[in-house]
2 protein chains.
Amino acid sequence: MEVSEQPTVPAVNVKAPMCPSRGVLEHVTSRWGVLVLAALVERSYRFSELRREVGGVSEKMLAQTLQTLERDGFLLRDAKPVIPPRVDYSLTALGREAAEQVYALARWTERRTADVQAARAAYDEARSS
Amino acid sequence: MEVSEQPTVPAVNVKAPMCPSRGVLEHVTSRWGVLVLAALVERSYRFSELRREVGGVSEKMLAQTLQTLERDGFLLRDAKPVIPPRVDYSLTALGREAAEQVYALARWTERRTADVQAARAAYDEARSS
DNA sequence: AGTGGGTACTTACGAAAGGTTAGCGCTCTC
DNA sequence: GAGAGCGCTAACCTTTCGTAAGTACCCACT
């Protein structure tokens with residue numbers, strides 16, 4: 001390809017409000033996007049499997065999230081022409097790179113949740129008095 | 001502390017809809033939370049510095065995001081009693097752990113944005129025909 | 001001396017996103 | 001033949017979000 005090279009200062013910057021990277025980051029870090037990507041790190045899932053796996057997600061939001069992530073090239077949609085319909089979702093190479101990072105973040109969050117809850121309690125305590 | 005120990009299966013699980021870890025992850029991956037944390041990795045900032053640094057954020061959302069992250073124990077708010085008011089925000093140890101991960105994710109996003117855009121173009125192309 | 005600008009927020013209101021419920025066509029199970 | 005499961009989509013409503021303004025105070029400039 002070699003369309004253009006940015007050696008040190010990339011034209012792409014998440015800090016800039018109009019930069020397309022902003023939108024990409026928002027998709028990856030979206031409420032359900034994070035959980036879908038994290039789930040797909042372990043294995044591929046069908047639609048309704050994902051719906052059960054990712055607790056609390058509605059069908060509408062899951063469908064929307066999957067479409068967004070598919071369009072961004074993060075995951076592959078394999079719709080088999082059988083009855084009942086069967087659609088498998090799996091990560092692309094690009095998607096795996098993103099997913100592994102959000103997976104790590106999700107695991108970290110689980111580990112540190114107790115600390116956060118303690119911090120919240122201390123914060124609220126300091127204000128209630 | 002040693003309140004409780006989860007050896008292999010943690011009671012904390014982001015996949016469960018009611019789990020508190022879900023809320024923590026949402027704060028960290030929130031639209032402006034990500035960018036604020038990523039910015040604070042490099043150095044501490046004052047309120048209006050952050051507002052300029054994180055392009056497109058409103059004062060309301062910045063204040064809200066900062067309060068949420070402070071309450072979660074991710075960042076420290078140092079309000080100096082001077083005029084004009086001066087408030088410095090910096091990461092705590094806990095916040096730095098989170099911030100470094102979202103920082104890495106933000107940098108990855110910048111690097112891969114071109115690929116995502118290509119994927120989008122291909123996706124749209126395949127549907128328009 | 002008075003006008004404008006900077007500081008860190010908060011409050012009110014309209015717009016956009018997200019969630020809830022229902023429906024669809026089809027099939028296999030009970 | 002009633003019910004459940006499959007992968008969505010469309011309508012509706014609520015919650016969130018962004019936009020604009022207000023606040024109290026001081027400094028620089030005119």
Side-chain angles (χ1 to χ4, degrees), chain A residues 15-19 22-37 39-40 44-72 75-90 123 127, chain B residues 14-19 22-36 39-40 44-72 75-90 123 127:
Chain A
K15 290 171 186 171
M18 292 305 189
C19 185
R22 185 70 73 87
V24 176
L25 188 59
E26 277 166 23
H27 290 172
V28 173
T29 62
S30 70
R31 177 163 190 196
W32 303 114
V34 172
L35 297 170
V36 165
L37 289 173
L40 287 172
S44 69
Y45 282 92
R46 333 178 24 178
F47 185 88
S48 49
E49 274 182 332
L50 261 180
R51 175 147 160 60
R52 284 186 292 267
E53 183 72 12
V54 178
V57 68
S58 67
E59 295 190 349
K60 175 195 167 186
M61 287 314 295
L62 181 57
Q64 199 177 105
T65 302
L66 289 170
Q67 282 169 11
T68 302
L69 294 178
E70 186 199 357
R71 187 170 106 98
D72 283 358
L75 47 86
L76 224 106
R77 179 176 181 272
D78 182 16
K80 278 149 184 153
V82 295
I83 285 169
R86 178 191 179 93
V87 183
D88 288 328
Y89 290 93
S90 56
Y123 182 93
R127 314 236 142 184
Chain B
V14 285
K15 290 170 184 170
M18 292 305 187
C19 185
R22 186 68 74 84
V24 176
L25 187 58
E26 277 166 23
H27 290 171
V28 172
T29 62
S30 69
R31 178 165 190 195
W32 302 115
V34 171
L35 298 170
V36 165
L40 287 172
S44 68
Y45 282 92
R46 327 179 29 178
F47 184 87
S48 50
E49 274 182 331
L50 262 180
R51 175 147 161 61
R52 284 185 292 266
E53 184 72 12
V54 178
V57 67
S58 67
E59 295 190 350
K60 174 195 167 185
M61 288 313 296
L62 182 57
Q64 198 175 105
T65 301
L66 289 170
Q67 281 169 12
T68 301
L69 294 178
E70 186 200 355
R71 188 171 105 98
D72 284 358
L75 47 86
L76 224 107
R77 180 174 181 273
D78 182 18
K80 278 150 181 152
V82 296
I83 285 170
R86 177 192 180 92
V87 182
D88 288 328
Y89 290 93
S90 57
Y123 181 94
R127 315 238 140 182

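Residue numbers begin at 1 in each chain, while the letters A, B, ... track the order of the sequences. Being a predicted model, the structure only gives us computed values, none of them experimental.
Partners of R51(B) under the side-chain hydrogen bond (donor to acceptor under 3.5 Å, both in side chains) rule, at least two apart in sequence or in another chain, do not exist in this structure. Checked against side-chain hydrogen bond (donor to acceptor under 3.5 Å, both in side chains), R52(B) has no partners two or more places apart in sequence or in another chain. Take R22(B) and apply the side-chain hydrogen bond (donor to acceptor under 3.5 Å, both in side chains) test, not counting sequence neighbours, and it matches no residue. The side-chain hydrogen bond (donor to acceptor under 3.5 Å, both in side chains) check on R31(B) picks up E26(A), with sequence neighbours excluded.
The OH-P distance, from Y45(A) to dG7(D), rounds to 14 Å in whole Å.
With dC6(D), dT7(C), dT9(D) as the candidates, the nucleotide lying closest to the side chain of Q67(A) is dT9(D).
Residues V87(B) and D78(B) are not in side-chain contact: their nearest non-hydrogen atoms beyond the backbone lie 4.5 Å or more apart.
Side-chain N/O atoms of R46(B) include one lying less than 4.0 angstrom from OP1 or OP2 on dA8(C). Remark: R86(A) is not in phosphate contact with dG7(D), judged by side-chain N or O atoms under 4.0 Å from OP1 or OP2. Distances shorter than 4.0 Å separate none of the side-chain N or O atoms of S48(A) from OP1 or OP2 on dG5(D). Close to dG6(C), at under 4.0 Å from its OP1 or OP2, lies no side-chain N or O of R51(B).
Judged by distance alone, with hydrogens and angles left aside, the side-chain atoms of E53(B) form no donor-acceptor pair with the main-chain N or O of L50(B) at under 3.5 Å.
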Sugar-phosphate or base contact per nucleotide [nucleotides 13-20 of chain C; S, B, -; heavy atom under 4.0 Å]: -----SBB

Could you list, one pair per line, each protein nitrogen or oxygen that sits under 3.5 Å from a nitrogen or oxygen of nucleotides 23-29 of chain D, together with the distance?
none

